[in-house]
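Below: one structure, written as structure tokens.
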Amino acid sequence: MLKEEEATRQVRLHALRAEIEHGATSGPGISGDQVFANARKRIAGIAAGATNR
């Protein structure tokens with residue numbers, strides 16, 4: 001059972017590393033401030049739509 005758990009952990013770790021590598025090489029990033037500004041704008045838009053129902 002421990003071998004199975006370790007194998008599963010290794011598969012998940014490999015997948016996570018692949019996702020990180022993909023993100024790191026997918027193009028220029030944006031600042032954290034911009035990420036949060038975009039998120040706040042989306043949330044405000046969703047909230048405005050919810051109050052119009």
Side-chain angles (χ1 to χ4, degrees):
M1 188 165 177
L2 287 176
K3 286 183 181 182
E4 289 179 21
E5 289 178 12
E6 179 62 19
T8 300
R9 190 181 80 75
Q10 288 298 322
V11 168
R12 293 177 71 195
L13 184 58
H14 177 73
L16 177 59
R17 286 182 174 147
E19 287 293 321
I20 291 169
E21 180 64 25
H22 174 72
T25 60
S26 66
I30 60 174
S31 72
D33 290 338
Q34 186 62 51
V35 170
F36 284 109
N38 292 350
R40 286 184 193 99
K41 188 174 180 181
R42 281 187 75 190
I43 291 168
I46 292 169
T51 59
N52 291 335
R53 292 183 184 175

Inset, instruction - Assess whether atom CD of Glu5 is packed by more than 12 heavy atoms of other residues, nucleotides or ligands within 6.0 Å. - result: yes
Report the residues that fulfil side-chain contact (heavy atoms from CB on, under 4.5 Å) with [X], sequence neighbours left out, ordered by chain and then residue number.
X: Ile30; answer: Gln34, Val35, Asn38
X: Leu13; answer: Arg9, Gln10, Arg17
X: Glu21; answer: Thr25

